[in-house]
Amino acid sequence: MTRIPMDPDAIRALAGILTETGLTEIEIAEKDSRIRVVRAPGVPPPSAEAPTRAAPHPPATLAPPPSELDALASHPGAVLSPMVGVVYLSPEPGAPPFVTVGQTVSAGQTVLLIEAMKTFNHIKAPKAGTVTRILVANSSPVEYGEPLMLIEA
Amino acid sequence: MTRIPMDPDAIRALAGILTETGLTEIEIAEKDSRIRVVRAPGVPPPSAEAPTRAAPHPPATLAPPPSELDALASHPGAVLSPMVGVVYLSPEPGAPPFVTVGQTVSAGQTVLLIEAMKTFNHIKAPKAGTVTRILVANSSPVEYGEPLMLIEA
Amino acid sequence: MFEKILIANRGEIALRIQRACRELGIATVAVHSTADAEAMHVRLADESVCIGPPPAKDSYLNVAAILSAARITGADAIHPGYGFLAENAGFAEMVEAHGLTFIGPSPEHIRMMGDKIAAKAAMARLGVPLVAGSDGAVPDVASARLVAQRIGYPVLIKAAAGGGGRGMKVARADEEIEEAFRVARAEARAAFGNDAVYLEKYLDRPRHIELQILADAYGDVVHFGERDCSLQRRHQKLLEEAGSPALDAARRDRLGETVTGALGQLGYRNAGTLEFLYQDGQFAFIEMNTRLQVEHPVTEMVCGIDLVREQIRIAAGNVLGYRQRDIRFNGHAIECRITAEDPETFMPTPGRVSAFHAPGGLGVRVDSALYAGYVVPPHYDSLVAKLIVHAPTRLEAIGRARRALDEFAIVGIKTTIALHQRIMEEPSFQAGDYTIHWLERFVAAGGASSGA
Amino acid sequence: MFEKILIANRGEIALRIQRACRELGIATVAVHSTADAEAMHVRLADESVCIGPPPAKDSYLNVAAILSAARITGADAIHPGYGFLAENAGFAEMVEAHGLTFIGPSPEHIRMMGDKIAAKAAMARLGVPLVAGSDGAVPDVASARLVAQRIGYPVLIKAAAGGGGRGMKVARADEEIEEAFRVARAEARAAFGNDAVYLEKYLDRPRHIELQILADAYGDVVHFGERDCSLQRRHQKLLEEAGSPALDAARRDRLGETVTGALGQLGYRNAGTLEFLYQDGQFAFIEMNTRLQVEHPVTEMVCGIDLVREQIRIAAGNVLGYRQRDIRFNGHAIECRITAEDPETFMPTPGRVSAFHAPGGLGVRVDSALYAGYVVPPHYDSLVAKLIVHAPTRLEAIGRARRALDEFAIVGIKTTIALHQRIMEEPSFQAGDYTIHWLERFVAAGGASSGA
């Protein structure tokens, strides 16, 4: 393979300018050569740490670690919890679950229940597809917007 | 390898325009050259402001505005004040000044006096050259490290 | 004592309650909308639950979501803070119905004080002063003059059947009463076919003065002196003081005795504030707030008490443990409410705070949920920081406020810091010479020296 | 009153003085080395003068540069802060010689207290307690026992001609005195050819307790109670309290009377602190500091006084204006000294502070010159912040310190915040049960629970 020539100093310099200017991407092209440096908005330069360093216990959350949560929540096939409550995967204790991984579901089909204020709310599949992942355990608490399962076409 | 010519000032200028216009991306192409800067939404320009924004009067200084001071202080021909005191450009009131702009001086020649604690200190030319600029007025106060004059070879 | 408290609020007050809980060794649950996932009250809480989308009605006012959050986290009490559900009697009832403790008064008292007419009637029965006037209609000029002389000029002569300003006349002195009475009566007859009129004290330049109280579940009631909240714009308080430049200890004590006596008879519990209009040495009850108030810190500074800690102790069934004579008033305190608004136009200025540096040093307290990098969301109240200063005298407090405001750096969004700086320079403010109209005029005059 | 004060210091104390001046409406001149051009005390001052390169001897100890800076800026007084030139009698003299006011005691008193022997002699003359002992040599066991019983065990028997530990024996109880006396005497004869011995109280577990005073130029002297500074490492104070967990009001008042009486006779002026070792109910004078101290804020919180403001007022020739009976002690205060050091190894950690967020809320005070983006220079003291908490009781103060430490964010450099967090969790600290040896042991045990 041909070795691609690169200029680490130029890259460092551009990275420095990114930080200095708060840019997230710089691209420079000259004839056939091209340099492009990007810093994802998520990844801040060192001066942006959150003021909770000294806190003894980081704020707990009922959901999986933010990074994964965010990733799953933005998944096109994600079914998100419309309320705070407790999840039930089957219509009643001992009964088989509404759905299992690999099962195909039709739009509007109930895939689980969320109990809030002593009422059981039917959570329905937003669209037809296959259940590729169930992200919550039976009778576990969920918060608003938390991904419950993935249904992919 | 080809070194890509880059112009950091141009990038900074574009970053400034992004901030000013609220744009998130600018791309400029000229023949084979191309430059592109991006700032993702939500990522602000780092604020240069110091935590004295609310202060009614910015800290005064006895020297010219920092920017110019810094520039002059780092000038290779700059003669810097070795002490806090009051400058005298001539040996005594009414006498002609030690040096004038355009005059050539030899290394070690006294170019002005600084009075501190009632003693007059002879400030000597660090090297031979021509006095190209006198930066302080007679009997004006100076702080440590403040540029007094420029002597260039 | 409680083991875990859910804080049903956001912003600086959620943080205020979080701090009190942490100091008491009580675990905390923060609830938040999707817009507040990065908020300080969420970062510092032991646990947090997202309860809904940004609109308050779907999150911070979402009773079902909040009660579910309390259940799944095992909280045993809920502190509502101020605003949102703090004065919602129905919410307080549901909290209790779910076997949790509502940190505040009983639903009955919240409901009673929520009805402003009922509240005034109740307070009148209990001997709390309302605006002075004739009890019922006055038959003739002579009796009108007697009433006017008793309650003091200026007086308002109002049609008993009236409304909308018709049949309403002001008399500023004895020589005006006869004319005013006749005109009011004539207008009343013409307008309502009924010439019955009554007299009321006309408050043309009142101050807003309120009294802070705490009551335990066993009938002990203590007051913590007054706050002067006369500096308001569009009925929004901007700056508060404890004590009032217009009140002396004797007047404060008299009002305090009346109020604590009344609330004792009422069987009121937890924290509360009675708001009054004050003019010519007379108090007129307006309303009672059955919750913690934004401006509670000035009282804390002057009395050396932690009102939120006390709210929690009382809700947990503790006795106050101190009497009125144990309450001392030390020095003077001023609170500046700093909002994310343009100090000239008062347009809200949500957005990213690129730098935040709070003032420090002796006698300076900052209650704020801001931090560098935080984005102030556009969905909620614009209050972003409270600067509270405390000093031995009012004059020193103003000097301290001035230097603290000069130090305060909130960069990236516009705030009202500059407005507070201008107020501190204002001679009539420095003299304590202001009414509830002062700030409107000051702002109208562009914060110029004609503000008074 | 002064019109312009030059602050001959840096860091948090320069900022502390800057704040007091600003509140008094006095203009300020900051002086700084080239390393401190961006420092907070420079940013906030009305004027600033660069007085030299980073090394303190060329800048903050450069008397000529500082006096020249005062002259060219037209300052009429100089506040030295603590450290640097604060206890340099020669500097104080030169300041006065240049027609400026030195904000502190007279050069004579600075010089007197600077000589530790002379200071002890003077205090002894004035009736201030030194370590108890026999006045001169004791002839026999019987008289040794009498002295020991009077001053209380344990006692130290020392060779009058002695030194270096030889001829020195400890007796912890009556049954040990005879043996100890004989051995000490024998060793003394052998070592020095002179068997004269004397007795002294042996302080094996003392606390460091100091008393804050203010005196005006007219002979009025008032004390503001004690500070317990027993938590020290290598003679560096790390945490201070007001009042001391080991002292009651009666003992404090007795010591205060003695000290204020003594300083009145001495004609002492401005602020001062007398340091004592305290054990078994007895005080032993160590030394007097003729300046403001790092830990002065705990006294300010408890007494509600601004000590720096008072220093300036006194230097300007004002009378104190209050008497001892006017001084009240409200609640308890704790100061945590936060340094730029590794909390395990205590290696200094200068460098860039990438994020800074101070705790806020009720009863929390932060004195710090840090800000986000500031670079802590390697040339000076490592103290970067003082966290001071105030609450009605010591227990509540500890709870408040704990939560404030948890909130405190200093990112980019290591600090001793974590060490303070561990101390707060320590039962023997919580019980107030510690001596000047406590912290060394605690640190040696790695801040483990065997710290006591």
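All values below were derived from every heavy atom in this structure, side-chain atoms included, with hydrogens, water molecules and symmetry-related copies excluded. Chain A is the first sequence line, chain B the second, and so forth, proteins listed ahead of strands; every chain is numbered from 1. Since the structure is predicted, the reported quantities are computational estimates derived from the model, not experimental observations.
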>> Can you tell me which of D/A64, D/A65, D/G52 forms the most heavy-atom pairs within a distance under 4.5 Å of chain B?
In response: D/G52

> Around atom NZ of D/K4, are there more than 12 heavy atoms of other residues, nucleotides or ligands at under 6.0 Å?
Replying inline: yes

> Does atom CD of B/E152 have more than 12 heavy-atom neighbours from other groups under 6.0 Å away?
Replying inline: yes

> For the atom pair CD1 (D/I72) and CD (B/E115), what is the distance rounded to the nearest 0.5 Å?
Replying inline: 10.5 Å

>> Report which part of B/M83 has an atom under 4.5 Å of a heavy atom belonging to chain D: side chain, backbone, both, or neither.
In response: neither

>> Ignoring hydrogens, what is the shortest heavy-atom contact between D/I51 and B/Y144? Give both atom names and the distance.
In response: C-CB, 3.7 Å

> Quick one: does D/S68's side chain get under 4.5 Å of B/M117's, heavy atoms only?
Replying inline: yes

> Given the rule in the side chain to side chain contact (heavy atoms under 4.5 Å, CB included) test, do B/V86 and D/R71 qualify, once you have shown the distances and angles that lead to the verdict?
Replying inline: CA-CA 10 Å; B/V86 176; D/R71 182 185 149 218; 3.9 Å; yes

